[in-house]
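In this text, all values refer to a predicted model and were calculated from it rather than measured experimentally. Below, each value reflects all heavy atoms present in this structure, side chains not excepted, and no hydrogens, waters or symmetry copies.
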2 protein chains.
Amino acid sequence: MSAEETSRLSAPERREQILAAAAIVFGERGYAGGTTDAIARQAGVSQAYVVRMFGSKEKLFRASALRAADKVGHAFRDTIATFNGDEDAEQKTLALAAAYTSLVADRGILLTLLHLFALGHDDTLGPLARECFLDTYRIARDEAGLTPEEANAFFARGMLTTVMLAMRLPDDAANPYASELMSCTFGELTTDLITLSQGQVPIDTSGR
Amino acid sequence: MSAEETSRLSAPERREQILAAAAIVFGERGYAGGTTDAIARQAGVSQAYVVRMFGSKEKLFRASALRAADKVGHAFRDTIATFNGDEDAEQKTLALAAAYTSLVADRGILLTLLHLFALGHDDTLGPLARECFLDTYRIARDEAGLTPEEANAFFARGMLTTVMLAMRLPDDAANPYASELMSCTFGELTTDLITLSQGQVPIDTSGR
DNA sequence: TCTCGATGTAATCAACTGATTACTACATAT
DNA sequence: ATATGTAGTAATCAGTTGATTACATCGAGA
């Protein structure tokens with residue numbers, strides 16, 4: 001992904017590339033901790049270009065968060081579209097959970113959303129956090145047809161999953177408590193998620 | 001809390017005061033976003049004093065996170081100490097959940113932990129995050145005697161609770177989806193948590 | 001009362017970082 | 001071929017912030 005010697009790209013292509021880089025950097029370091037320079041480096045462009053394309057770091061973060069929430073929404077809707085109406089709640093929940101965990105492969109988006117949620121006290125980012133979260137909740141309730149209790153249990157599991165991935169618990173797979181918790185949370189996908197999580201290379205950290 | 005005209009205090013007293021202020025500031029703004037100056041202002045001391053007492057911002061954050069995890073551990077152990085061995089899993093889980101939500105009153109500690117967990121990719125803070133989390137998990141498994149599945153469900157609910165509070169979802173109590181989700185997650189404590197959450201005044205944000 | 005250690009601050013520094021500006025290079029259409 | 005708009009960068013600036021230093025003030029014990 002980084003250090004690609006791509007020549008000129010169209011603005012929409014660069015935009016997507018920068019947003020992908022932003023998801024990784026913001027996902028690992030959060031809003032305040034993620035620098036536009038680190039994002040630029042990850043995307044293979046100059047820091048000035050990143051700022052100019054999005055106007056400001058905050059606008060870039062907003063775009064990054066909205067893109068992440070959009071990806072979650074699309075993954076859910078794609079799954080819901082496969083329902084034929086005969087599924088019970090457990091089947092639907094399992095299918096949605098599988099869709100959610102598959103998003104781990106899209107590096108950074110789940111972690112960027114977690115950082116966004118954690119910044120709910122911020123005057124300008126807080127409303128965005130609540131909007132993104134409630135939009136997703138709405139999909140589970142109205143489009144997937146889960147009951148409040150089912151949706152609640154589903155989101156609880158989702159949050160635990162996200163936090164465990166943010167903590168890099170798969171790095172502690174040798175720890176019996178960690179491995180027990182992961183098996184219990186991820187089920188059959190545990191080994192897949194562990195290899196997936198450990199295969200993600202660190203972002204460039206050297207000076208400007 | 002802030003702008004107190006307290007005269008000289010002993011070092012341990014100041015230390016605790018600064019740690020309480022740090023929990024609030026780090027809880028709202030995260031590690032990178034929380035400045036030593038904001039913490040100093042919240043504690044009513046100078047920025048230089050905050051840094052010197054803890055050596056560095058990172059050491060202060062570590063102390064703040066450890067203190068938060070310690071408070072969670074103590075709350076759990078205090079609850080576990082009331083068990084007489086006749087409780088079933090649901091009773092124990094409910095009692096622990098009540099203990100956890102009561103920690104919301106200790107402003108910032110749950111949110112500081114969430115920010116710590118979200119920084120699990122950090123080279124130096126990541127191990128601390130996993131340690132704090134697994135220590136708490138260990139208490140639920142070995143000291144409270146929950147099964148892996150019970151502990152899993154308990155932590156899932158706990159994470160959802162924490163994220164909802166971080167997002168300030170109680171501010172959206174007028175939103176039917178938000179209120180439904182809160183009722184479902186918090187049960188009878190919903191109204192208490194809403195008033196508690198809304199009573200917490202913003203931290204000082206004016207210039208240095 | 002007079003030290004002397006501990007509490008505490010003002011002033012300042014150096015590094016970092018988001019943003020801006022002026023510029024270059026490439027592609028496409030006429 | 002040349003003009004023009006778009007992609008892209010190097011250089012630089014100004015504000016912020018963690019850290020350091022030198023200094024001030026309080027209180028307890030000899």
Is there a donor-acceptor contact under 3.5 Å from the side chain of A:Arg130 to the main chain of B:Met167? yes
Find the distance B:Glu13:CD to D:dG27:P and express it as a whole number of Å. 13 Å
Is A:Thr36 near enough to C:dG18 that one of its side-chain N or O atoms lies under 4.0 angstrom from OP1 or OP2? yes
Mind calculating the distance between CZ (A:Arg41) and C1' (D:dG8) to the nearest angstrom? 17 Å
Would you mind classifying the nucleic acid contact of A:Gly33 as base, sugar-phosphate or nothing, using non-hydrogen atoms under 4.0 angstrom? nothing
How close or far is atom P of D:dT17 from atom CZ of B:Phe26, stated in whole angstroms? 13 Å
From the set C:dG18, D:dA19, C:dT9, return the single nucleotide nearest to any side-chain atom of B:Arg52. C:dT9
Could you state the CD-C1' distance from B:Glu58 to D:dA19, rounded to the nearest angstrom? 14 Å
Whole angstrom is fine here: how far is it from CZ in A:Arg14 over to P in C:dC26? 14 Å
Plane angle bin for A:Tyr137 and B:Tyr177 - parallel if under 30°, tilted between 30 and 60°, otherwise perpendicular: perpendicular
If you only use heavy atoms from C-beta on, which nucleotide in D:dG18, D:dT20, D:dA7 is closest to the side chain of B:Lys57? D:dG18
For A:Tyr49 and D:dT6, give me the distance from atom OH to atom C1', rounded to whole Å. 8 Å
What nucleic acid atoms does A:Ser46 come within less than 4.0 Å of, heavy atoms only: base, sugar-phosphate, or nothing? base
Kindly point out which of C:dT17, C:dA19, D:dT20 is positioned nearest to the side chain of B:Ala48? D:dT20
Rounded to whole Å, CE of B:Met53 lies from P of D:dG18 at a distance of 18 Å
Does any N or O donor sit under 3.5 Å from an N or O acceptor when you compare the side chain of B:Arg8 with the base of D:dT25? yes
Value in whole Å for how far the P atom of C:dG8 lies from CG of B:Leu9: 6 Å
Taking the six-membered ring for Trp and the single ring otherwise, decide whether the centroids of A:Phe54 and A:Phe61 are under 6.0 Å apart. no
Any ion pair linking B:Glu150 and B:Arg141 (charged N to carboxylate O, less than 4.0 Å)? no
Minimum heavy-atom distance B:Gln198-B:Asp171, with the two atoms named: CG-OD1, 3.7 Å
Ranking C:dG8, D:dA19, D:dT9 by distance to the side chain of B:Ser56, first place goes to D:dA19
